[in-house]
Amino acid sequence: MASGFDRPVVPTRFLSLHKRRRIAGALAELCTEQGYRTVTVAQVCSRAHVARATYYELFRNMDEVFLATVEAGMGETGQLVEDACLASSGGFQERLRAGLAALLDSVSRRPEMAWVCLVEAPAVVPLGFERHDAAIRHYAGLIQKAAPPAARPPRAAAESVVGGLAAVIRMRVQQGEAAELPALLPELSHFVLVSLHDRFSRTRTPRKTGRAG
Amino acid sequence: MTARDRPPISSYRLPRGRHRLPRELVAENHRWRLIGAAAEVMAESGYAGATSKAVARRAGVSAGTFYEHFDDLDACLLATCEMAADSLSDLAAAACTGGGEWPQRLRAAVEAALEYAASEPAFSGLLGFEASGGVAAIATARERLLLRLAGLLCAGRELRLETAGELPPRLELHLLAGAFSVVSARLAEGEVERLASFGGELTEILALPYRRSAVGARR
């Protein structure tokens with residue numbers, strides 16, 4: 001650079017981590033705009049502001065970038081949801097609500113990551129599909145663990161509920177309506193409760209929260 | 001006849017050489033083969049590997065013939081998904097008209113759907129959430145299917161007592177989407193043969209929000 005400033009010294013490891021994240025972010029944006037299968041290396045490099053050589057130092061091919069992006073998105077959201085569940089001191093319903101709120105909030109803030117994780121990943125067989133499936137199982141496990149022992153749902157029921165939530169989120173993301181997801185919290189937590197156990201189905205959602213539509 | 005005991009649809013070729021078959025019949029046969037080929041190509045290589053050329057080659061027709069029937073790959077996929085969706089919802093609806101109480105009819109519909117999924121894995125694979133990969137045509141066809149099935153399932157609401165509290169407005173859509181997700185995951189794990197034995201559990205999942213016992217016996 002022609003400026004008189006010295007370049008700051010940044011550790012290489014940090015730099016390459018930062019570049020990996022930039023590349024992943026660029027791929028996520030491009031996927032949302034045009035679909036994964038048409039994204040080129042040149043597009044990713046120019047969007048992420050990295051040299052093609054740097055790209056190939058960090059990744060062997062586009063699928064590797066794709067999976068790293070899925071992993072980053074799933075990991076980040078999963079952590080937020082788990083933290084929210086743990087931070088809630090209430091019973092099952094409060095925890096569920098807290099976790100679901102964190103999930104919807106995370107998706108609405110980064111719709112391009114949700115696009116990669118929920119819309120594109122399952123279609124990238126086998127690894128993307130498996131990662132998606134693992135996430136469904138993980139969330140189903142969280143629900144099972146949080147439920148009181150007397151009302152613990154069987155695995156298939158918990159996975160089905162999570163699959164239903166994933167489908168709602170996927171549909172909204174696909175229609176470019178991710179921003180509206182947090183408003184669906186009352187309806188979706190009500191859906192989870194009535195789907196899981198008789199016990200919860202008698203509990204109405206408080207009227208004043210209304211029902212988002 | 002199921003997919004397991006018949007040759008793939010894409011191979012339903014007409015006799016070689018000159019023939020006097022009417023044009024409409026030939027066109028119908030081409031379209032049918034292209035739709036079968038699209039399902040087979042998607043099942044084998046996913047959307048990432050699907051091209052109109054690959055579909056035409058699999059069907060044994062020229063690229064020109066492909067474009068006589070469909071504007072592009074997505075149009076062909078939409079027709080393919082709609083065919084799968086129609087088959088599935090017709091089978092489920094027919095099973096629902098059988099006699100018995102609502103839970104028995106639901107069970108019959110679920111079993112009919114599972115049987116279709118097991119016998120036509122290439123077509124039913126297109127109805128799973130994993131197929132779309134951002135393809136609007138596939139997502140649209142699936143959404144329409146969910147709406148049709150939701151229309152059948154919501155008959156369960158009449159079973160509930162008035163005191164039971166409201167159900168979420170789009171409950172049926174969400175329940176069904178969840179059921180599709182579970183079945184997709186099982187199919188991906190290669191549990192095609194055991195799918196039929198899943199009918200009871202799946203019926204239970206779909207019926208639970210409507211159960212009589214759930215509705216205020218102890219209110």
Side-chain angles (χ1 to χ4, degrees), chain A residues 31-32 34-37 63 115-116 118-126 128-130 132-133 136-137 140 153-157 159-168 170-171 173-175 184 186-205 207 211 213, chain B residues 42-51 128-136 138-140 142-143 146 160 163-186 188-189 198 201-202 204-206 208-219:
Chain A
C31 282
T32 313
Q34 62 187 58
Y36 174 51
R37 74 186 212 142
D63 275 358
W115 176 280
V116 172
L118 280 166
V119 179
E120 302 256 16
V124 179
V125 276
F129 182 90
E130 279 164 16
H132 178 275
D133 202 32
I136 298 272
R137 280 163 202 268
R155 205 192 91 185
E159 284 174 11
S160 179
V161 164
V162 177
L165 292 174
V168 177
R170 178 179 306 116
M171 234 179 270
V173 169
Q174 207 155 5
Q175 290 160 353
L184 295 183
E187 180 185 342
L188 292 180
S189 50
H190 191 192
F191 156 67
V192 177
L193 293 176
V194 297
S195 304
L196 283 183
H197 201 273
D198 312 6
R199 244 171 105 143
F200 304 124
S201 64
R202 258 178 258 124
T203 324
R204 293 177 188 220
T205 42
R207 211 157 257 278
R211 199 150 290 132
Chain B
M42 284 292 285
E44 278 161 27
S45 43
Y47 188 62
T51 58
F129 60 82
E130 72 280 13
S132 99
V135 190
I138 301 183
T140 309
R142 199 174 32 229
E143 230 172 288
L146 286 182
R160 288 169 61 89
T163 51
E166 287 171 59
L167 288 176
R170 283 168 287 201
L171 171 70
E172 285 77 16
L173 286 176
H174 303 167
L175 274 176
L176 286 161
F180 271 86
S181 148
V182 175
V183 172
S184 294
R186 301 220 163 191
E189 284 161 19
F198 188 41
E201 206 176 345
L202 203 56
E204 174 73 10
I205 288 172
L206 291 173
L208 199 142
Y210 309 102
R211 276 229 304 255
R212 273 175 207 276
S213 64
V215 290
R218 273 164 287 164
R219 263 182 84 91

| field | Option in Glu201(B), His174(B), Glu189(B) with maximal non-hydrogen atom pairs under 4.5 Å from chain A | value | His174(B)
| request: Work out which heavy atom in Ala166(A) is nearest to a heavy atom in Leu118(A); give both atom names and the distance. | output: CB-CD2, 4.0 Å
| note | Of all heavy-atom pairs linking Ala179(B) and Leu202(B), the shortest is CB-CD1, 4.0 Å
| Interchain contact, Val161(A) with chain B, by part (heavy-atom threshold 4.5 Å) | neither
| task | Under 4.5 Å heavy-atom distance to chain B, tell me which part of Leu165(A) shows up: side chain, backbone, both or neither. | result | neither
| Contact part of Glu204(B) toward chain A, heavy-atom cut-off under 4.5 Å: side chain, backbone, both or neither? | neither
| So which part of Leu146(B) gets closer than 4.5 Å to some heavy atom of chain A, the side chain, the backbone, both or neither? | side chain
| request: Quick one: list whatever passes side-chain hydrogen bond (donor to acceptor under 3.5 Å, both in side chains) with Glu130(A), sequence neighbours left out. | output: none
| task | List for me each residue that meets side-chain hydrogen bond (donor to acceptor under 3.5 Å, both in side chains) alongside Arg155(A), sequence neighbours excluded, and say none if there are none. | result | Glu159(A)
| request: Flag this pair as yes if the NZ/CZ of Arg142(B) is under 6.0 angstrom from the six-membered ring centre of Phe180(B) and inside a 45 degree cone about the axis; otherwise no. | output: no
